[in-house]
Amino acid sequence: MIKAQSIFKTFTIGGESVNVLNDINIEINDGEFVSVTGASGSGKSTLLYLLGALDAPTSGEIIVDGTHLSKMNDKQTSEYRRKRVGFVFQFYNLIQNLTVEENIVLPVVLDGKKAKGYAAKSDELIALVGLENVRKQKGALLSGGQQQRVAIARALINDPHIILADEPIGNLDSVKSAEIMKLLQKINREKGVTIVQVTHSRESVGYGTREIRLQDGKVV
Ligand SMILES: Nc1ncnc2c1ncn2[C@@H]1O[C@H](COP(=O)(O)OP(=O)(O)O)[C@@H](O)[C@H]1O
Ligand SMILES: [Mg+2]
């Protein structure tokens with residue numbers, strides 16, 4: 001379970017101190033597929049990054065499966081980001097001159113492990129995201145939809161319990177968007193991975209189980 005308690009995040013914007021997140025209290029149960037919505041600038045990405053320990057709140061606590069993120073040391077924080085959560089971004093963030101397979105195992109290779117040991121896992125993920133026919137293709141030669149499939153497989157390489165996705169379909173047409181949303185829904189339902197996505201798309205909210213709407217840094 002993910003709990004955010006009394007979360008404030010303050011940034012200095014144009015010389016003024018602004019509460020970008022202003023007393024956020026949410027609970028997300030295991031197996032939920034939550035969509036965080038709200039106008040541009042309402043604090044959606046900021047909240048997602050806090051849940052992923054990519055940034056820390058100004059005050060308040062985030063507790064994931066009983067662990068207070070603020071109490072983790074650097075090593076634990078790094079492990080949390082690499083193993084317990086998987087990140088998916090709007091612009092995929094693939095290495096363009098690596099192949100599909102190489103991109104998918106990159107997190108474990110960067111972690112000092114041999115790609116060979118992850119061959120079976122990688123095969124399973126390539127099948128899950130439906131990229132068998134392009135597995136030797138370089139990232140640069142893939143369509144946006146294919147690149148996002150690679151990014152989703154890469155996010156799953158360490159069997160995270162949680163996927164955090166920041167506008168995963170923000171750069172895709174409606175057909176590709178529906179395909180990616182169906183894939184995320186399948187991962188949520190069949191693998192039981194908790195998903196928190198930030199989205200602007202009304203249709204995409206329907207693939208999830210709950211909407212959390214932000215307005216001016218508050219849950220409405
Ligand atoms: N690192 C930062 N430093 C200063 N201001 C920031 C930073 N990150 C985000 N902001 C500001 O916080 C507000 C919310 O940003 P963000 O969470 O990215 O909104 P959203 O994802 O809902 O569009 C915006 O006004 C943005 O400019
Ligand atoms: Mg954003």
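Both counts, for ligands and for their atoms, begin at 1 and track the order of listing.
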Under-4.0 Å salt bridge between Lys218 and Asp23: no

Hey, are Asp65 and Arg84 close enough for a salt bridge, meaning a charged N less than 4.0 Å from a carboxylate O? yes

Establish whether Phe91 and Leu48 are linked, either directly or via other cluster members, by ILVMFWY side-chain heavy-atom contacts under 4.5 Å. no

Taking every non-hydrogen atom, the tightest pair across Lys176 and Leu172: CB-CB, 4.0 Å

Under a 4.0 Å N-O cut-off, is there an ion pair linking Lys71 with Glu61? no

Side chains of Ser78 and Arg82: donor-acceptor distance under 3.5 Å anywhere? yes

Donor-acceptor pair, Gln148 side chain versus Phe89 backbone, under 3.5 Å? yes

Could you grab the protein N, O or S atoms closer than 2.8 Å to the Mg ion (ligand 2) for me? Ser45 OG

Heavy-atom contacts with ligand 1 below 4.0 Å: which residues, ordered by chain and residue number? Phe11, Ile13, Val20, Ala39, Ser40, Gly41, Ser42, Gly43, Lys44, Ser45, Thr46

Will you find, in the side chains of Glu101 and Ser122, an N or O donor that is under 3.5 Å from an N or O acceptor? no

Lys/Arg N to Asp/Glu carboxylate O, Arg135 vs Glu102, below 4.0 Å: no

